[in-house]
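As C-alpha cells, the structure follows; a few thoughts come after it.
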There are 4 protein chains.
Amino acid sequence: MPSGVRGRPRSEGSRQRILAATRDLLLESGYDQLSIAAIADAAGVGRQTLYRWWPSKASIVAECVIENVLPLRTVVADPERPALECLRAWLGESRRRLAMPDQLALFRALTAAAASDETARLRLDALFGGAIRHSLRSALERGVESGELRADLPIETVADLLIGGMLYRLVRADEEAGDAVEDTLKLLAP
Amino acid sequence: MPSGVRGRPRSEGSRQRILAATRDLLLESGYDQLSIAAIADAAGVGRQTLYRWWPSKASIVAECVIENVLPLRTVVADPERPALECLRAWLGESRRRLAMPDQLALFRALTAAAASDETARLRLDALFGGAIRHSLRSALERGVESGELRADLPIETVADLLIGGMLYRLVRADEEAGDAVEDTLKLLAP
Amino acid sequence: MPSGVRGRPRSEGSRQRILAATRDLLLESGYDQLSIAAIADAAGVGRQTLYRWWPSKASIVAECVIENVLPLRTVVADPERPALECLRAWLGESRRRLAMPDQLALFRALTAAAASDETARLRLDALFGGAIRHSLRSALERGVESGELRADLPIETVADLLIGGMLYRLVRADEEAGDAVEDTLKLLAP
Amino acid sequence: MPSGVRGRPRSEGSRQRILAATRDLLLESGYDQLSIAAIADAAGVGRQTLYRWWPSKASIVAECVIENVLPLRTVVADPERPALECLRAWLGESRRRLAMPDQLALFRALTAAAASDETARLRLDALFGGAIRHSLRSALERGVESGELRADLPIETVADLLIGGMLYRLVRADEEAGDAVEDTLKLLAP
DNA sequence: GTGTAATCGAGACGGTACGTCCAGTCTTACA
DNA sequence: TGTAAGACTGGACGTACCGTCTCGATTACAC
C-alpha cells in the first residue's frame, strides 16, 4: 500500500524555531522592523523555507498567535462564575494588559498586520471573532438569563462594542481617565 | 531691527503638492504600496524636501487627514437636530463609508499607520480624539439633557465604545449581521 | 566528504557584463561621470551585485584594466628585436596613444582612480609595476648586455623614470616640444 | 564722479577663510571626501559665494596651491650652489616629502584633481610646469655649463623625466628599493 | 541497496525603497 | 550689488530586504 508522500518531509524543528524567532524579534522591535531575512537568520533556517510555507510576514505572525507562541492567552470568561464578574474580570484584565508596554506593542503589531494584510486579517479574525467573541457572547447570554444584565441587551452588538473599545485603546495616544470598567458595566445593567 | 528669519522660506506650493500626491497614491494603491520616492516624483519635488519636513511616511498620511486632504470629512453631529437623530446619522453614515472599498482601504491605512508609528498615532488621535470624540460627546450630553438618552449615561465611556465599534469593523474579515445601529441606540435609551 | 562550497555560485556572466559596461561608459563619458547605478543598469545587473564584489568604483575600473577589457594592451618589448629598437617603439607608441583623445581620457581616469583609491592603486600598480615595468627592465638589460646602452645604467631607476615620463604627460595641460623620444634614448646611450 | 564699481565689493576675508577651510578639509580627509557644502560651512560662508567665484571644487584646490595656502613649498634649486648639489637636494627632499603621509595624501589629491578636471590641470600645470620646471631647467643648464653634467644633456626631456619620476611614486603602491637619487644623478653625469 | 524526489542550509541573483549627502540654483533679509 | 542663510529640485550613494534561483547535502519512500 503506497504512501502518498514522497521526498524529505517538512522539518517540524525548523517550523518551531521559525515561530520562536518570530516571537522574539516581534517582542524586541515591533512588527514594522520585523524582516523575513532576520527571522530566517535568527532561526538558522534557509530563506526559502519561509517562502515555501508562508505567503507573507503577516501570516507567520498570525500563526504565532494561533499556536499560542505569542503570550496572548486571552482572558476567557469562566462559565462557572457569575456573568457580571466574568465581564468585569475581562474588562479589567484587558486594560491591565494594554498598560504593559510589551503587550501593548504586541497588540499594536497584530493590529497593523490585520490592517494591512488580508491573510493575517482572516487568521486573526478567526481568533478574536472566534475564541474571544464567543466567550464574551456566552457571558452576556448568561447575564441576561440570570437577570444580571438588561433583558433587551443586543448581544452581538454589545460584544462588538466591547472588543472595539479594547481596540480603540491601541491606537490612542493619551491615557484614559475615569473608571471605564464600571461605566461599561453600568451600561449593560438592568 | 533685524528679522529673525533668514534664508529661503518653506515652499507652501510644494507642501500642497506633496499632500495631494500622497492622497492620490494612497487611494490608488493603499498604504503598504505607498513609497516616499513615489510621492516625491508624483509631486515633482525633491526627496529631501519630504525628509526635511516629515519624519516618516505615516506622518505625511496623518497630515493629509488633518488638512482634510483625504476625503474623511467626518459626520459631525449637528447641534440643531435632536441628539438621537444625530447619533443615528453618525452610526449609519460611518457604516456606509466602511462598506465602500475605497474608504475602507483608506481607514485601514490610517489604522496601520497609527498602530506602527508614534508620530502618526499622535496626529490621528488629535483628530479622532478631538473632532470626532468632541462632537459625539456633545451629542450625548444633549441627549441626556433632553431626556432622549439614559440619565446615568457614562458619556466618556460610551464615546470610546462607539468609536471603538467603528474601528473593530476595519480589522474584521467577515460581514456584520443584524441592525447594529438600532441595537446600539437601544443601549443608550432610557 | 562534503564540499566547502555552499549556496548559489557567483555568476561569471554578470561579472563579464559589468566589466564590459564599465568599459563602455568610461570611454563614453570619463571617470568622474561614471556612476555605479549607471554601470548596474547598463549591465542589466542588480546594484548590490556590484557592492558585493567590489569595494569601490575605482576598483571596478582597475579590474577592467587587469582583465584587458580596456584597450590598454601595452606595447611589450619584443625579445627578438634589438633593445634600442624596442625602447624606441615603446616610447613612440606610448606617445602616440596619449595623443589620441580617447586613450588620453582613459589613462587620466586610471590615474585619478589610482590617486584616490587604495584598492585601485594596488591593482593598477600590479599591472604597471608588473607587466610594463618587467618588459622595460628586460629590454634595458638586453641593451646593456649587447652594448647598445651604457654599461653602468641603473636599470630600476631608468624604468621608473620612463614610466614617470609617460605619467607626467597625462597631467600636463600643454603640448610637448622637441623630439622627446630620441632625447630620451640619447640619455641611455653609451 | 562715481566709481565704475557698483554694489558691495568682494569680501577678501571670505576668500581667505574659504582657502583656509579647503586646506584643512583636504589635509583631513582627502580630495574625494572634499565637498563644496563642507567648505562653505567650515568657512562660515554662503554656498553661493563659492559658486560665484570658482567653477569647480578642483579649481579651489588649485588656487590653494597657487596661493601657497597648502604646504607645498617645493624645493627650488638655489642658483648660488653647484648644480649637482641642487639636483641632489631636490631629488632627496622630494622623496622625503612623499614619505610623509600628509604630504603624500596631499599630492595624491592634487594628482586626482589634475587628472579629472581641466581647470585644475591648467592651474596646477602652471605651477609645476612653471616654478618647478623652471628651476630644474636652470640647474641643469648650469650643470652643463660648469661641466658637472653631460654636455649633450637634453634639458627639457630630462626635466620632464625627473618630474615624472616623482609623479610615478604617487600612484605606486609599494616601496622603492635602491638609491634612486644617486642612480638618477649618475645618468646625468658626464 | 539503489534510485527518485522533495526539503534542507546557504547564499548569489535582479530589483525596489530606504534615508543621507551633495550639486547647483533660487529666494529671502541684511549690509 | 554682495553676502550668509537656508530651502529648492535632482540624483548618486551605500544599505537593507524582497522574492527567486541555484547549489550541495540530507532524508524519506519506492523499487
Side-chain angles (χ1 to χ4, degrees), chain A residues 2-11 13-14 33-41 43-53 55-57, chain B residues 1-11 13-15 33-41 43-53 55-57, chain C residues 1-11 13-15 33-38 40-41 43-53 55-57, chain D residues 5-11 13-14 33-41 43-53 55-57:
Chain A
S3 138
V5 192
R6 293 281 293 252
R8 181 175 181 171
R10 176 173 182 182
S11 159
S14 291
Q33 306 306 319
L34 190 66
S35 81
I36 292 189
I39 295 176
D41 288 352
V45 140
R47 204 121 46 89
Q48 195 62 31
T49 303
L50 286 164
Y51 288 109
R52 204 181 337 264
W53 302 111
S56 70
K57 181 176 75 168
Chain B
M1 191 167 127
S3 137
V5 190
R6 299 283 291 248
R8 181 175 180 172
R10 176 173 181 182
S11 159
S14 290
R15 183 172 153 276
Q33 305 306 318
L34 190 66
S35 83
I36 293 190
I39 296 177
D41 288 351
V45 143
R47 202 129 46 94
Q48 196 61 40
T49 301
L50 287 166
Y51 287 109
R52 197 178 349 260
W53 300 112
S56 69
K57 183 175 73 168
Chain C
M1 192 167 132
S3 137
V5 190
R6 301 282 290 248
R8 182 176 180 172
R10 178 173 180 180
S11 160
S14 291
R15 183 173 154 276
Q33 304 305 318
L34 190 66
S35 82
I36 293 189
D41 287 352
V45 143
R47 203 131 47 91
Q48 196 60 40
T49 301
L50 287 164
Y51 289 110
R52 198 179 346 260
W53 300 110
S56 68
K57 184 176 71 169
Chain D
V5 190
R6 296 280 294 259
R8 183 175 178 173
R10 177 174 181 183
S11 159
S14 290
Q33 307 304 321
L34 190 67
S35 81
I36 293 191
I39 296 177
D41 288 352
V45 142
R47 204 117 47 92
Q48 197 59 38
T49 302
L50 285 164
Y51 288 108
R52 207 185 328 270
W53 301 110
S56 71
K57 181 175 75 167

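Quick note: numbers below take in every heavy atom, side chains included, and nothing from hydrogens, waters or symmetry partners. In what follows, chains carry the letters A, B, and so on, assigned in the order in which the sequence lines appear, proteins first and then strands, with residues in each chain numbered from 1.
Nucleotide F/dC18 holds its C1' atom 14 Å from the CG atom of A/Leu34, rounded to whole Å. Straight-line distance from the CZ atom of B/Arg47 to the P atom of E/dA23: 17 Å, rounded to whole Å. Regarding A/Asp41, its CG atom lies at a distance of 12 Å from the P atom of F/dA16, rounded to whole Å. Rounded to whole angstrom, the span from the CD atom of A/Gln48 across to the C1' atom of E/dC8 amounts to 11 Å. Atom CG in A/Leu50 sits roughly 16 Å away from atom C1' in F/dC21 (whole-Å rounding). Put simply, NZ on B/Lys57 is 7 Å from P on E/dC18, counting in whole angstrom units. The interatomic distance linking C/Arg10 (CZ) with F/dC21 (C1') rounds to 17 Å, in whole Å. One interatomic measurement links the two molecules: CZ of A/Arg6 to C1' of E/dC8, which rounds to 18 Å at whole-angstrom precision.
Within the 4.0 Å cut-off from OP1 or OP2 of F/dG6, not a single side-chain nitrogen or oxygen of B/Trp53 is found. Using a 4.0 Å cut-off, some side-chain N or O of B/Arg52 falls inside it from OP1 or OP2 of F/dC8. One finds no side-chain N or O of A/Ser11 lying less than 4.0 angstrom from the OP1 or OP2 phosphate oxygen of E/dC8. Between D/Ser14 and the phosphate of F/dG2, there is no side-chain N or O to OP1/OP2 separation shorter than 4.0 Å. Residue A/Thr49 has no polar side-chain atom (N or O) positioned under 4.0 Å from OP1 or OP2 of E/dT7.
Summarising the geometry of B/Ala37 relative to B/Arg47, their closest heavy-atom pair is CA-CD, 3.8 Å, with the distance given to 0.1 Å.
Comparing B/Val45 and C/Ser56, the nucleotide of DNA chain F nearest to each residue sits closer to the 5' end for B/Val45. Both D/Gln33 and B/Pro9 lie near DNA chain E, and the one whose nearest nucleotide falls closer to the 5' end is D/Gln33. Residues C/Pro55 and B/Gly44 both approach DNA chain F. Their nearest nucleotides, taken by heavy-atom distance, put B/Gly44 toward the 5′ side.
Closest to the A/Ile36 side chain, of the nucleotides F/dA7, F/dA30, F/dC18, is F/dC18. Here the nucleotide nearest the side chain of A/Arg8, chosen from E/dT7, E/dC13, F/dA7, is E/dT7. Of all nucleotides listed (F/dC23, F/dA16, F/dC13), F/dC13 comes nearest to the side chain of C/Ala37.
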*Report the C-alpha distance between B/Trp53 and B/Arg15 in whole Å, list the side-chain angles of each, state the deciding distance to 0.1 Å, and finish with yes or no for side chain to side chain contact (heavy atoms under 4.5 Å, CB included).*
CA-CA 9 Å; B/Trp53 300 112; B/Arg15 183 172 153 276; over 6 Å; no

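Put simply, CD1 on D/Ile39 and NZ on D/Lys57 are 8.0 Å apart, with the number rounded to the nearest 0.5 Å.
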